[in-house]
Structures are given as structure tokens and as C-alpha cells.
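Notes follow the structure.
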Amino acid sequence: MTVVLKLGGSVITEKDTPDTIDGDALADAADAIAASGVTDLVLVHGGGSFGHPHAAAHDVSRTEGTQDVAAVREIHGAMRELNDAVCDGLVERGVPAVPHHPHSAGHRDADGTLSLPTDPIAAKRDEGFVPVLHGDVVTHIGSGVTILSGDELVVALAEGLSAERVGVCSTVPGVLDDDGEVIPAIENYADVRRYLGGSDDTDVTGGMAAKVHALLGLRAPASVFGPDALADFLGGEQPGTLIR
Ligand SMILES: Nc1ncnc2c1ncn2[C@@H]1O[C@H](COP(=O)(O)OP(=O)(O)OP(=O)(O)O)[C@@H](O)[C@H]1O
Ligand SMILES: C=C(C)CCOP(=O)(O)O
């Protein structure tokens, strides 16, 4: 039973300080993953303070591209650095994490549709590794490169690997209504659109609104929850908001 789990960049980094890992949060997340014993796992992490400030500095988003090779290398390089730290934290705890860098593994066509072959990822999983992907810059036909968000990766992986469970761990305990209460379940974007905003921090990929929109397109149920509920999710529970 394949589980696709995204660790929000806002969870594992200090999102308001560029290029800074939140070491305690990363350690807690890695502890929870190691202790869960879940092995059929594909991980994704977001950009946080490694991805978004560099993308914003070069005016790159999911739709605005750049052909500037220095920008490509800067954004991708920052994300590789974060990916190294995530993989290191997992391997130190006995989780066989291996990187899978989207910049080298996928691209968008001229309409922005993502092509990301999942066979190489399935092969890693089937060999007992835990592939760790991340938000990145990807080649976009006619636009140079654009940003690929971790949330888009979650959707592509969940579909391509026929995942049974999908989890998105963010800083918030779930999708919140206007009173700050967690909305238990979402089945329709129109029902919750009025509650959804972007991110509190620099975020070129759209915050919660884009997340919910993307997850509603999945066949598998997806849970949005906070870091405290990561162990519960990995234990088979559906904490936070269930999107189906
Ligand atoms: N209705 C809402 N409920 C919960 N969070 C919301 C809502 N509307 C907007 N948000 C914002 O969405 C943010 C979560 O999305 P964001 O994309 O920043 O998180 P992430 O995926 O953890 O980080 P990253 O994009 O770096 O990977 C929250 O921190 C909050 O600021
Ligand atoms: C900004 C970059 C490079 C990655 C964005 O991924 P996200 O944090 O999942 O939206």
C-alpha cells in the first residue's frame, strides 16, 4: 500500500529566514517517519525558505518562466541543499531515503502539463528505497523553466503510483474556516473557496487554495494536517482535514 507524504517547506524550514532549516522540526518529522515503520513510502518536500525566496527573486512561478541559467542553478541548487538535509535526517534514523530530483526527471509541455515518469520512482520503491522528491524548477516548453510545486508532485505521484493514502503535512492543523476551526472534510472546492488564501510567507505556488484545489482532483483520499499529527497519519489515522 503506497503512501505519498509531503512535508511542507513551511514545516521543515524557517520560512521567514532565507535558506534556513528548522532543525528541530526536521528531526521530529524524521523521527516520526522512522518510528512508523511505514516502508512503502514516497516522500515529497516543499520549498520553504530554500525555494520560494530564490524563485521570487527571479520572478519565476508555476506560469512565469525564465531562461536565465543562473536562476535555474540557484533555485535548483537551493532545493538540492534542502533535499540533502532531508535525506540525511532520514538516513541517520535508518530510513533508506534516496533523492529523486524533478528538474532532471520531468518537464512541462507548452500548456504547462507536467510529464513525470513514475516508473523510475516505482523501481526505487520496489527495491526498498524511500524516494524523496521536492518542489523544483522544471523545463517548460517555450518558457525556459517554471516552478513545479510539491503539491503538484503529490498529485502526479499519487496518480502515477496508484497511492492508497496521501498526506500533506503543513504548519496548520488542517484547512481552517473563518473561526480558525479545522474543517473535517472537503468534497467540493466551491464550499470552501471563501476560506482559502495563499501563504503567510513568500510563496510562489499558491498556499492553501492551490493545495486544496490540487488534492480534490485525486482518486485517493488526502489528509491535510499539522506536524503534531504526522505520527497519527503514518499510523493509519486521518487527522486534520480529509479531502476526497
Ligand atoms: N483556510 C486556510 N486554512 C489553513 N491555512 C491557510 C488557509 N488559507 C491560507 N492558509 C495558509 O496556507 C499556508 C499553508 O500553505 P503553504 O503552501 O504555505 O504550506 P506548505 O505546503 O507547508 O509550505 P511550502 O509551500 O513551502 O511547501 C498556511 O500556513 C496558511 O498561512
Ligand atoms: C519554489 C520552489 C522551488 C518549490 C515550491 O514547492 P512548494 O513549496 O511545494 O510549493
Side-chain angles (χ1 to χ4, degrees), residues 4-22 25-26 29 43-66 71-83 86 101-103 106 114 132-138 140 145-157 167-184 186 189 191-215 222 224-227 230 240-241 243:
V4 172
L5 170 66
K6 180 188 172 192
L7 299 176
S10 59
V11 173
I12 57 173
T13 73
E14 304 278 358
K15 214 168 168 180
D16 46 8
T17 314
D19 299 323
T20 306
I21 289 169
D22 184 333
L26 179 55
L43 288 174
V44 176
H45 63 79
S49 69
F50 284 76
H52 296 281
H54 294 286
H58 293 283
D59 293 323
V60 189
S61 68
R62 287 173 57 191
T63 50
E64 291 299 314
T66 182
V72 176
R73 297 193 67 204
E74 179 183 316
I75 300 164
H76 178 64
M79 289 307 304
R80 284 183 79 112
E81 194 183 331
L82 178 57
N83 185 257
V86 173
H101 302 298
H103 178 65
L114 175 67
V132 186
L133 295 89
H134 53 86
D136 208 344
V137 274
V138 288
H140 187 142
V145 298
T146 51
I147 299 295
L148 171 64
S149 76
D151 298 328
E152 287 177 273
L153 281 168
V154 165
V155 171
L157 294 168
V168 174
C169 178
S170 189
T171 41
V172 280
V175 183
L176 308 176
D177 65 18
D178 279 349
D179 297 323
E181 298 292 326
V182 173
I183 300 168
I186 298 175
Y189 192 71
D191 293 346
V192 295
R193 187 199 316 260
R194 64 189 182 280
Y195 302 128
L196 304 177
S199 174
D200 291 341
D201 307 287
T202 306
D203 190 307
V204 299
T205 52
M208 192 56 80
K211 213 181 292 301
V212 171
H213 197 263
L215 296 174
V224 177
F225 53 85
L230 181 53
T241 301
I243 299 178

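Everything quoted here is computed from the prediction, not taken from an experiment. We count ligands from 1, going down the list as the structure has it; atoms in each ligand are counted the same way.
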Of the listed options I75, L153, L82, V154, closest to atom 3 (C) of ligand 2 (non-hydrogen atoms):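 Checking each option, the heavy atom nearest atom 3 (C) of ligand 2 is found in I75.
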
Protein heavy-atom partner closest to atom 1 (C) of ligand 2 - residue, atom, separation in Å: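 Protein heavy atom at minimum distance: G51 C, 3.5 Å.
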
Could you list the atoms of ligand 2 found under 4.0 angstrom from a heavy atom of M79?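 Answer, ordered by atom number: 3 (C).
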
Counting each atom of ligand 2 from 1 as listed, which ones have a heavy atom of G46 under 4.0 Å away?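 Reading through ligand 2 atom by atom, the close ones are 7 (P), 8 (O), 9 (O).
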
Backbone or side chain, does any N or O of D136 fall under 3.5 Å from an N or O of ligand 2?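 No, since none of the N or O atoms of D136 sits under 3.5 Å from an N or O of ligand 2.
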
Is G174 in contact with ligand 1, taking contact as a heavy-atom separation below 4.0 Å?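 Distance cut 4.0 Å: G174 passes for ligand 1.
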
For G48 and ligand 1, answer yes if some heavy atom of the residue is under 4.0 Å from a ligand atom, otherwise no.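 Yes.
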
Any nitrogen or oxygen of L196, side chain or backbone, less than 3.5 Å from one on ligand 1?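 The answer is no, given that L196 and ligand 1 share no N or O pair closer than 3.5 Å.
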
Going by heavy atoms, is K6 under 4.0 Å from ligand 2?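 Right, K6 reaches ligand 2.
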
Take D19 and H54, measure what side-chain hydrogen bond (donor to acceptor under 3.5 Å, both in side chains) needs, and give me the verdict at the end. CA-CA 9 Å; D19 299 323; H54 294 286; 2.9 Å; yes

Ligand 1 contact on K15 by region, counting heavy-atom pairs under 4.0 Å: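 The side chain, only.
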
If you count every heavy atom of other residues, nucleotides or ligands that lies below 6.0 Å from E64 atom CD, does the total exceed 12?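 Atom CD in E64 is not packed in, count stays at 12 or less.
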
